[in-house]
Protein chains: 2
Amino acid sequence: MPAKRATSYACPIRDVLDRVGDAWSVLVIMELAGGPCRFNALQRVVNGISARMLSVTLRHLERDGLVSRRVLETSPPQVEYALTTTGASLHRAMGELAAWAETNQPAIREARAAYDASLEAAQ
Amino acid sequence: MPAKRATSYACPIRDVLDRVGDAWSVLVIMELAGGPCRFNALQRVVNGISARMLSVTLRHLERDGLVSRRVLETSPPQVEYALTTTGASLHRAMGELAAWAETNQPAIREARAAYDASLEAAQ
DNA sequence: CCGTATCCGTTATGATACTG
DNA sequence: CAGTATCATAACGGATACGG
């Protein structure tokens with residue numbers, strides 16, 4: 001059994017989740033939901049992403065038909081990325097989960113702290 | 001900047017997404033949504049997971065307060081895992097995304113095939 | 001400006017073997 | 001049954017440098 005990213009061997013929604021699970025993909029989709037954006041602009045706004053990972057992430061999203069890539073015939077050339085219709089629908093579908101995440105973040109942090117504390121106490 | 005799992009350095013919902021993004025976590029939550037389950041039973045039903053990864057995944061979920069762990073005083077001892085209230089609410093929140101995944105899986109597969117084909121054609 | 005290729009350390013994962 | 005320890009390996013991620 002290959003590593004984590006070995007695309008789904010049974011569960012059908014798995015390869016979709018794999019894409020969503022990718023840390024950067026979510027952030028990029030979030031940004032593009034606000035409107036089309038160019039490569040360097042994206043890199044500036046997506047906190048901490050390297051050019052390499054942005055490139056890789058965009059290629060994945062493009063391959064899955066979630067993001068479109070358009071080269072502008074300017075000088076110097078610019079490339080504009082945007083959510084496709086499918087990509088936009090994914091962004092909407094993530095809404096409920098994002099809301100849950102924000103609502104429950106405090107509870108999760110507390111649970112972690114409590115868990116870690118009980119471990120230390122046990123020693 | 002450390003690796004992928006370096007818990008969020010800006011985006012607040014990131015550490016929640018990191019958990020959801022973990023391939024196994026989602027599958028385990030899905031299974032537990034059907035009711036409490038023991039360790040080996042889980043391993044049998046979660047396709048392809050190793051004992052080690054199941055152990056690691058369960059500890060993460062437990063630490064985040066999403067899963068509870070109860071030791072039954074039987075012989076041989078059994079351990080029952082179950083979704084907590086928070087865990088169950090996460091499962092519900094994943095519902096919309098899961099539905100999206102199932103609906104759009106064909107489209108994504110097609111997009112991938114088309115993308116790969118156009119790449120080969122370009123050579 | 002928009003990438004991609006390479007190098008290379010860090011982390012994740014599976015297999016195996018062993019304990020309570 | 002329910003794990004954990006150790007080890008080898010593969011994937012991931014950042015930095016750098018170069019090309020379109």
Side-chain angles (χ1 to χ4, degrees), chain A residues 1-9 14-15 18-19 21-28 32 36-63 67-82 119 122-123, chain B residues 1-9 14-15 17-19 21-28 31-32 36-63 67-82 119 122-123:
Chain A
M1 216 69 54
K4 179 187 166 193
R5 307 230 158 271
T7 331
S8 70
Y9 27 84
R14 184 60 169 282
D15 47 73
D18 275 355
R19 180 90 15 264
D22 178 22
W24 299 123
S25 292
V26 176
L27 297 183
V28 168
L32 289 182
C37 198
R38 284 177 307 106
F39 189 90
N40 277 1
L42 266 177
Q43 189 179 2
R44 253 173 276 124
V45 77
V46 177
N47 201 331
I49 195 170
S50 63
R52 184 166 118 53
M53 287 317 295
L54 181 55
S55 176
V56 169
T57 301
L58 284 171
R59 248 186 295 129
H60 281 164
L61 292 172
E62 191 191 353
R63 186 167 100 102
V67 158
S68 64
R69 178 180 185 275
R70 191 163 65 103
V71 180
L72 304 178
E73 298 296 342
T74 58
S75 176
Q78 300 187 333
V79 181
E80 193 180 80
Y81 292 93
L119 273 193
Q123 286 179 12
Chain B
M1 216 69 55
K4 181 187 165 192
R5 308 228 157 271
T7 334
S8 70
Y9 28 82
R14 185 60 168 282
D15 47 73
L17 255 22
D18 276 354
R19 180 87 19 260
D22 178 22
W24 299 122
S25 292
V26 175
L27 297 182
V28 169
E31 287 304 330
L32 290 181
C37 197
R38 285 177 306 107
F39 190 90
N40 277 0
L42 266 178
Q43 189 180 0
R44 254 172 276 124
V45 75
V46 176
N47 201 331
I49 195 171
S50 63
R52 197 177 99 76
M53 286 318 294
L54 180 55
S55 177
V56 169
T57 301
L58 285 172
R59 250 184 295 128
H60 281 165
L61 293 172
E62 191 191 353
R63 186 167 101 103
V67 158
S68 66
R69 178 179 184 276
R70 190 162 67 105
V71 180
L72 304 178
E73 297 298 341
T74 58
S75 175
Q78 300 188 334
V79 180
E80 193 180 81
Y81 291 92
L119 273 193
Q123 286 177 13

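Only heavy atoms go into these numbers, but all of them, side chains included; no hydrogens, no water, no symmetry mates. A note on names: the letters A, B, ... follow the listed sequences, proteins ahead of strands, and every chain is numbered from 1.
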- Task: Scan every strand shown for a Watson-Crick or G-U wobble partner of dC2(C), both distances under 3.5 Å, and answer none if you come up empty.
- Result: none
- Task: Report the nucleotide, chosen from dA2(D), dC1(D), dG14(C), that has the shortest atom-to-atom distance to any side-chain atom of R69(B).
- Result: dA2(D)
- Query: To the nearest Å, how far apart are I49(B) CD1 and dA12(C) P?
  - Reply: 15 Å
- Message: Side-chain N or O of R59(B) versus OP1/OP2 of dG3(D): is the shortest distance under 4.0 Å?
- Response: no
- Using a cut-off of strictly less than 4.0 Å, decide whether Y81(A) has a side-chain nitrogen or oxygen near OP1 or OP2 of dG3(C). yes
- Item | E80(B) and R70(B) ion-paired at < 4.0 Å | yes
- Message: Both distances below 3.5 Å, Watson-Crick or wobble geometry, any strand: find the nucleotide opposite dG19(D).
- Response: none
- Of the non-hydrogen atoms in E31(B) and V46(B), which two are nearest, and what is the gap between them? CG-CG2, 3.9 Å
- Given dC1(C), dA2(D), dT4(C), which nucleotide is nearest the side-chain atoms of P76(A)? dC1(C)
- Note on the structure: Distance col, row L42(B):CG vs I49(B):CD1, nearest 0.5 angstrom, shows 8.5 Å
- Starting at CZ of F39(B) and ending at C1' of dG20(C), how long is that distance when rounded to a whole Å? 14 Å
- Note on the structure: Nearest heavy-atom approach of N47(B) to W24(B) is O-CZ3, 3.7 Å
- Query: Just how far, in rounded Å, is P of dG13(D) from CD of Q43(A)?
  - Reply: 15 Å
- Item | Nearest listed nucleotide, side chain of R38(A), among dC2(C), dC1(D), dG14(C) | dC2(C)
- Message: For dA15(D) and R52(A) - does any side-chain N or O of the residue sit under 4.0 Å from the phosphate oxygens OP1/OP2?
- Response: no
- Message: Nearest whole Å is fine: how far is dC1(C) C1' from N40(A) CG?
- Response: 6 Å
- Item | Rounded distance (Å) that lies between atom P of dT6(C) and atom CE of M53(A) | 17 Å
- L32(B) side chain near C37(B) side chain, heavy-atom distance below 4.5 Å: yes
- Query: Separation of L27(B) atom CG from dT13(C) atom P, in whole Å?
  - Reply: 12 Å
- Task: To the nearest Å, give me how far apart CZ (R70(A)) and P (dG3(C)) are.
- Result: 14 Å
- Query: Do the side-chain N or O atoms of S55(A) get closer than 4.0 angstrom to the phosphate oxygens (OP1, OP2) of dG3(C)?
  - Reply: no
- Picking from dA2(D), dT4(D), dC1(C), which would you name as closest to the side chain of V79(B)? dA2(D)
- L54(A) CG - dC1(C) C1' separation (whole Å): 13 Å
